[in-house]
K.L.:
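Below you'll find the structure I mean.
Whatever order the structure lists them in is the order used to number ligands and atoms, beginning at 1. Here the structure is a predicted model, which means the values were calculated and not measured.
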Amino acid sequence: MTFEPYPFEKLNTLLAPLTPNTALDASVLTIGEPQFETPAFIQEALCAHSSELKKYPKTAGEPYLNEAMRTFVSKRFGISLKSNELIPSFGTREVLFNFPQFLLHDVDDAQMAFTNPFYQIYEGAAIASRAKMHFLNLDEKNGFKPEVDEAVLATCDLVILNFPNNPTAACLSLDELGSWVKLALKHNFVLLNDECYSEIYTGVKPASLLEASIAVGNEDFSNVLVINSISKRSSAPGLRSGFIAGDAKILSAYMKYRTYIGAASPLPLQRAAAAAWLDEEHVATSREIYKRNFELAKEILGCETPEATFYIWLKVENAIELTKTLYSKYNVKVLPGEYLARTDENGENPGVGYIRIALVENEIKTKDALLRIKEALS
Ligand SMILES: Cc1ncc(COP(=O)(O)O)c(C=O)c1O
C-alpha cells in the first residue's frame, strides 16, 4: 500500500484551478493550529536557556521535563505516575507514526484498528508497519462513538482511539473508555488513546483512558497507553512537546527503540515545555476563546457546542462543491470531511457529507468567517 497525500495537499489540488475572492480577507479554517501567540513565559524560558544548545539531548528527556508532565497528569487526572510510566516525545506525531512500527515490527499478520475519520498519521503508521487496517467508523448512526465488533478486535494487535476526537469533536465517558480497557485486556491488544484535545474542553473535563484503566481495576495500565501534547493546550505546536504514558513494560521496550529514532527534544525546548506543562492559567485563557467561538457557531450556524476540541464537523449537502464555493466566492478555506476518512469494506466513507471547520482564530475573525459560511450555505 502506498502513502496517501495529506488532506491539505488534496485540498490544494481541489482549489488550484480556482481564484479566491480577494475582495474579502483570507480566512483559513483548515489546519488545527491555534492562531494565537505562544504565551510569553514559555518563549522566555526558551530564550533563557538557548546556551544549552551546545549539548546533545538525551532520548529519555531531562528528569525535570518528565516530572513536569507527571505533575500535569496528577493535577488534571488525579493520577500519580511513576517516572517509567511516561516518556516525553518530540510532539506526538512522531510517536503516532513510530510506536505502531515498534510494536508491530516482529508481528506476523499485524492488525491495527483506529477511528475513521482520523488523524492521517495512524494510517501512515499502519502502512509503514504493513499492518492490516480495520476502521472504527464514527458517524451519525453511532453518535460518533466506535462500535465494538469483538470478532475483529480479537484479531487486533493495536487499537488507536482518539477522544476527544478530531474531527468529529465526540468524547467518550469514563465508563465508555473503561469498557475499551476491558476489551483490551480480554482480547490482549494494546489500546492507545490520542488525547491531544483533552485540555480544549467547553465544560465538563474529558476523561483520560488512564483514569478509566484505574477505574476498572487495571491499575498498572497493562496494555493501556495515552498520548498528550502541548501543541493545542499551550498554542505552541512549534515547541514539539508531547508524551506517551501508561504500561511501563511496553514503554521500557519502546524507550530502547526510541534511542534509534533521533527525536530527542533540544534542551532549550525542554525547558520551555516544562514551564508550559506546569502552568494552567494560560490554558484556561485559551479555553475561553474556543468556548466563545463555539457560542458564535451556535448563534450563526446553529451548531451544538461539543464537549471538547475546536472543531465543527458540519453536515452539508455537497461538501466538495461547498468547499469550492467557500473559497472562490467567500475566500474561506475549510476541509472536506472525506479527505479525513476512508471508505470501509462496506463501501461507506463516514467523512462524506461533512466539512471540518477549525475555530482557531480570534472572535472577530471567527465571527466574520462563520457569517460568510452561513451565507454560502443559504
Ligand atoms: C488528533 C491529533 N493527534 C495528534 C496530533 C499531533 O500533534 P503534535 O504532533 O503537535 O503533538 C494532532 C495535530 O493536529 C491531532 O489532531
K.L.:
Between ligand 1 and the protein, give all atom pairs where both partners are nitrogen or oxygen and the distance is under 3.5 Å, as lines of names plus distance to 0.1 Å.
P.N.:
unit_1: ligand 1; atom_1: 3 (N); unit_2: D194; atom_2: OD1; d: 3.4
unit_1: ligand 1; atom_1: 3 (N); unit_2: D194; atom_2: OD2; d: 2.6
unit_1: ligand 1; atom_1: 7 (O); unit_2: T92; atom_2: OG1; d: 3.3
unit_1: ligand 1; atom_1: 9 (O); unit_2: T92; atom_2: N; d: 3.1
unit_1: ligand 1; atom_1: 9 (O); unit_2: R93; atom_2: N; d: 2.9
unit_1: ligand 1; atom_1: 9 (O); unit_2: R240; atom_2: NH2; d: 2.7
unit_1: ligand 1; atom_1: 10 (O); unit_2: S231; atom_2: OG; d: 2.6
unit_1: ligand 1; atom_1: 10 (O); unit_2: R240; atom_2: NH1; d: 2.9
unit_1: ligand 1; atom_1: 11 (O); unit_2: T92; atom_2: N; d: 2.9
unit_1: ligand 1; atom_1: 11 (O); unit_2: T92; atom_2: OG1; d: 2.7
unit_1: ligand 1; atom_1: 11 (O); unit_2: S229; atom_2: OG; d: 2.7
unit_1: ligand 1; atom_1: 14 (O); unit_2: K232; atom_2: NZ; d: 2.7
unit_1: ligand 1; atom_1: 16 (O); unit_2: N166; atom_2: ND2; d: 2.8
unit_1: ligand 1; atom_1: 16 (O); unit_2: Y197; atom_2: OH; d: 2.8

K.L.:
Any side-chain heavy atom of S286 within less than 4.5 Å of one from I200?
P.N.:
no
K.L.:
Residues in ring-ring contact (aromatic ring centres under 6.0 Å, His included) with W277, at least two apart?
P.N.:
F72, F243
K.L.:
Measure the spacing between CD of Q35 and CD of E361 and express it to the nearest 0.5 Å.
P.N.:
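Nearest 0.5 Å value for the CD-CD distance: 5.0 Å.
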K.L.:
With heavy-atom distances below 4.5 Å as the criterion, would you say the side chains of L371 and K367 are in contact?
P.N.:
yes
K.L.:
Name every donor-acceptor pair, under 3.5 Å, that has one atom in a side chain of residues 228-238 and the other anywhere in the protein, sequence neighbours excluded.
P.N.:
unit_1: N228; atom_1: ND2; unit_2: E195; atom_2: O; d: 3.4
unit_1: N228; atom_1: ND2; unit_2: S198; atom_2: OG; d: 3.0
unit_1: S229; atom_1: OG; unit_2: S231; atom_2: N; d: 3.0
unit_1: S229; atom_1: OG; unit_2: S231; atom_2: OG; d: 3.1
unit_1: K232; atom_1: NZ; unit_2: G32; atom_2: O; d: 2.7
unit_1: K232; atom_1: NZ; unit_2: Y197; atom_2: OH; d: 3.3
unit_1: R233; atom_1: NH1; unit_2: A276; atom_2: O; d: 2.8
unit_1: R233; atom_1: NH2; unit_2: D279; atom_2: O; d: 2.9
unit_1: R233; atom_1: NH2; unit_2: E280; atom_2: OE1; d: 3.0
unit_1: S234; atom_1: OG; unit_2: H282; atom_2: NE2; d: 2.8

K.L.:
Kindly write out the residues that satisfy ring-ring contact (aromatic ring centres under 6.0 Å, His included) with Y64, not counting sequence neighbours, or none if the list is empty.
P.N.:
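Counting only residues at least two positions away or on another chain, Y64 forms no ring-ring contact (aromatic ring centres under 6.0 Å, His included).
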